[in-house]
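A quick write-up on the structure given underneath.
Since the structure is predicted, the reported quantities are computational estimates derived from the model, not experimental observations. All ligand and atom numbering here is 1-based and tracks the order in the structure.
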Amino acid sequence: MKGKKFYIETLGCQMNKLDSELIAGMLANMGYSATDYADDADLAIINTCSVRQHAELKALSKLGHLHHLRRKHGKPSTIAIIGCFAQRSPEYIRKHASYVDIICGPADLDRLPQLIEDARNEKKQIAVSDFRAIRSGRQKYPERLESLDTNRIVNKNQRQAFVRVQRGCDKFCSYCVVPYVRGPEQSRPPEKIIDEIRKLDNVGCREITLLGQTVNSYHCVENGKTVTLADLLYRVHNNCSVPRIRFVTSYPADFSTEILEAMAKLERICPYLHIPAQHGSNRILKLMNRKYSVEQYIELIDTARKIVPNISIAGDFIVGFPDETDDDHQCSLELIKRIRYKNCFIFKYSVRPGTLAEKKFSDNIPDEIKTKRFIELQELQDKIALEDNRNLIGQTLDVLVEGISKKSKTNPSPDGKVQLSARTTDDKIAVFDGTEDLIGQIVPVRIFDVSSLTLFADTV
Ligand code: SAH
Ligand code: SF4
Ligand code: F3S
C-alpha cells in the first residue's frame, strides 16, 4: 500500500527552519514520507514568517499556489499554514484563504498530529496561543510544547543542527512582531538541551547552533542556582565532542564578559557573534526601544575583539525607521565603518500591525529614500567586507562542507567534480571544487580569491 506524503516549505528565520525539521520528524513517525512536489502530497505545509509585510505576502502567494494545485490535480488534500503569520492573523487567513484546512501558531505545533487527524474528519482547524493571557499570568505557558524538541528524531546523516535554548522574546523593540507571535521569553532546562545535543553528537553531527531570539539573556534556574549562557556553553562543551558550537542571536545589552571568556577558553565554540545594532543613531535606538547606546555597543564589540581574537561580527540594520533623518542615516554608515562587520543583513523598515512603532509613529519615510539608504549601507558594507576578505588570500582555513553550491546545482560540471559550499569557523562562506563525499566533513582549503561574501578556495 502506498504511504502518505507530506510537502513542507519554510519561510523566515532559523527558528522556523528548526520547527520545520522537528515537524518533518514528527510526520515521519506518523508514517508520512517527504516529497518535493506539492501536487503529489497528501499534506502540504507552509511555515510562515511575519517579520516584514513582504514575508506575509509571500506566504499568501504560496497558499494560493497550493489551492491552484488542489483544484487542478486534487492534491495536496490537506493544506496547513503554520508559524508566525498563522499566529498573527488566523482570522484574516480563514477569511481570505478559506480553503486552508489547518492554521497553527508556533506555540501549538506539538498539537499538529491531532489537528491533521481532526482536519480529515471535520472541517477547519485553528490552533493559536493567547500570549496576552500567558504574559499576564492568567494562563500557564504550554509545557506540552517542550515535547516537540525533546522528541526530536535525529537523522543519522545529520551534520549540522539547530538546537533551541530559548523560546519567545520579551524585548518589545518597537518595530518588531516577534514578541507577539512567539510569546514570552522562556529558557529551556539545561539537561534537556544537553540530552538533545548528545543525540546529535552520537550520530556524528559536526556543528550545532544554539538558538534564541536574545540568546545571551538565556537563564534557567536549576536547583536554586541560575544557569547563564556562559554556564551553558561550558556545559555543552564538556558534554559533547561536536567540533563546532555556535549561538545566535545576541542582544547588545546584558552581554556578560563571562560569555566572551567562555568563547576564548573553549576551543570548539566558534569565534563568531551575530549581534545586530539595528541603527547607528542614539535618537533612533531610543525610538526603537533598544536598550543600549551606540557607545555601549562599540565598547562591547571592542571588548569582544580583545578577549576573542579573530572573532567575526555580523549585524542587522534597519533603514527608513519613522522620522529617520539624513543625519541619523549617516550615523548608521559611521557605525558600519567603525565596526567593520563580516556581513550585515540590511532591511527596509516595514510597519507591523500591533507593534509599538505602528501605534506611536507614522511610516513617513518614502520608499525611494528607504531604497537609497538601503543601497548606501549595503555598498559600504560590501566594500569593507571585500577589503577585510582580501587579507585572507593565501591563507589555509578549515571549513565545514555544507553542500553543493548554488552555481553547481544549476549548472553541474561534466567531470564528476562539483563546486562545494563550506563555512569557516567564523562563519565565512567558502566555495571550492571537490567531490560530493566531502559534504559533512571539515577540511582545510587554501583561499586564492575573494568577493565581499565569498572566499574562493582550492583543496590542499
Ligand atoms: N532577535 C533578533 C532578530 C529577530 S528579527 C534580534 O533581536 O537581533 C530579524 C531582523 O529583522 C531584526 O534584527 C531586524 O533587523 C529585522 N526586523 C525586525 N522587524 C522589522 C521590521 N518591522 N521592519 C524591518 N526589519 C525588521
Ligand atoms: Fe524582535 Fe527585538 Fe526581540 Fe529581536 S530582541 S526578536 S528585534 S523584539
Ligand atoms: Fe522568525 Fe519571522 Fe517568526 S523572523 S520568529 S519566522 S516572524
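Of all protein heavy atoms, the one lying nearest to atom 2 (Fe) of ligand 2 is C173 SG, 2.3 Å. The protein heavy-atom contact nearest to atom 1 (Fe) of ligand 2 is C176 SG, 2.3 Å. Looking only at heavy atoms of the protein, atom 3 (C) of ligand 1 is closest to Q213 OE1, 4.0 Å. Among protein heavy atoms, atom 22 (N) of ligand 1 sits closest to S350 O, 2.8 Å. Among all non-hydrogen protein atoms, the one lying nearest atom 10 (C) of ligand 1 is D316 OD2, 3.4 Å. With respect to atom 25 (N) of ligand 1, the closest heavy atom belonging to the protein is R52 NH1, 3.2 Å. The nearest heavy-atom contact from the protein to atom 3 (Fe) of ligand 2 is C169 SG, 2.3 Å. C84 SG, 2.2 Å is the protein heavy atom nearest to atom 3 (Fe) of ligand 3.
The pair R423-D427 counts as a salt bridge, with a side-chain nitrogen and a carboxylate oxygen less than 4.0 angstrom apart. With salt bridges taken as basic N to acidic carboxylate O contacts below 4.0 Å, none links D201 and R198. A salt bridge is absent between E185 and R167: the closest approach of a Lys/Arg side-chain nitrogen to an acidic carboxylate oxygen does not fall below 4.0 angstrom.
Numbered from 1 in the order shown, with element, the atoms of ligand 2 that lie under 4.0 Å from a heavy atom of Y175 read 7 (S). For ligand 2, the atoms closer than 4.0 angstrom to any heavy atom of P179 are 8 (S). Taking every heavy atom of F172 and a limit of under 4.0 angstrom, the matching atoms of ligand 2 come to 8 (S). Close approach of ligand 2 to T214 is summarised as follows: ligand atoms under 4.0 Å from at least one heavy atom of the residue are 5 (S). Of all atoms in ligand 2, numbered sequentially from 1 with element shown, those under 4.0 Å from a heavy atom of R290 are 2 (Fe), 5 (S), 7 (S). For ligand 2, the atoms sitting less than 4.0 Å from at least one non-hydrogen atom of Q213 are 6 (S), numbered in the order shown with element in parentheses.
The closest heavy-atom contact to atom 5 (S) of ligand 3, among the options M15, R352, Q213, comes from Q213. Ranked by closest heavy atom to atom 24 (C) of ligand 1, the top entry among K348, K370, E358 is K348.
Taking the six-membered ring for Trp and the full ring otherwise, F374 and Y349 have centroids separated by 6.0 Å or more. Ring pair H274/F247: centre-to-centre distance not below 6.0 Å.
In this structure, T214 does not count as a contact residue of ligand 1, since none of its heavy atoms falls inside 4.0 Å of the ligand. Judged by the shortest distance from any of its heavy atoms, K171 lies outside the 4.0 Å radius around the atoms of ligand 1. Heavy atoms of S50 approach ligand 3 to within less than 4.0 angstrom. Not a single heavy atom of Y251 lies less than 4.0 angstrom from ligand 1. Under the 4.0 angstrom criterion for non-hydrogen atoms, R290 is in contact with ligand 1.
Stacking of R52 on the aromatic ring of F347 is recorded, both the 6.0 Å distance cut-off and the 45° axial limit being met.
Both the backbone and the side chain of Y175 come within contact range of ligand 1, each with a heavy atom under 4.0 Å. Residue P276 touches ligand 1 through its side chain alone, judged by heavy-atom distances below 4.0 Å. Under 4.0 angstrom from ligand 1, the non-hydrogen atoms of I318 all belong to its side chain.
Note on C49: not counted as a metal contact of atom 3 (Fe) of ligand 3, no N/O/S atom lying under 2.8 Å.
In this model, no donor atom of one side chain and acceptor atom of the other lie less than 3.5 Å apart for S281 and R283.
When all heavy atoms of M263 and P271 are compared, the pair lying nearest together is CE-CA, 4.4 Å.
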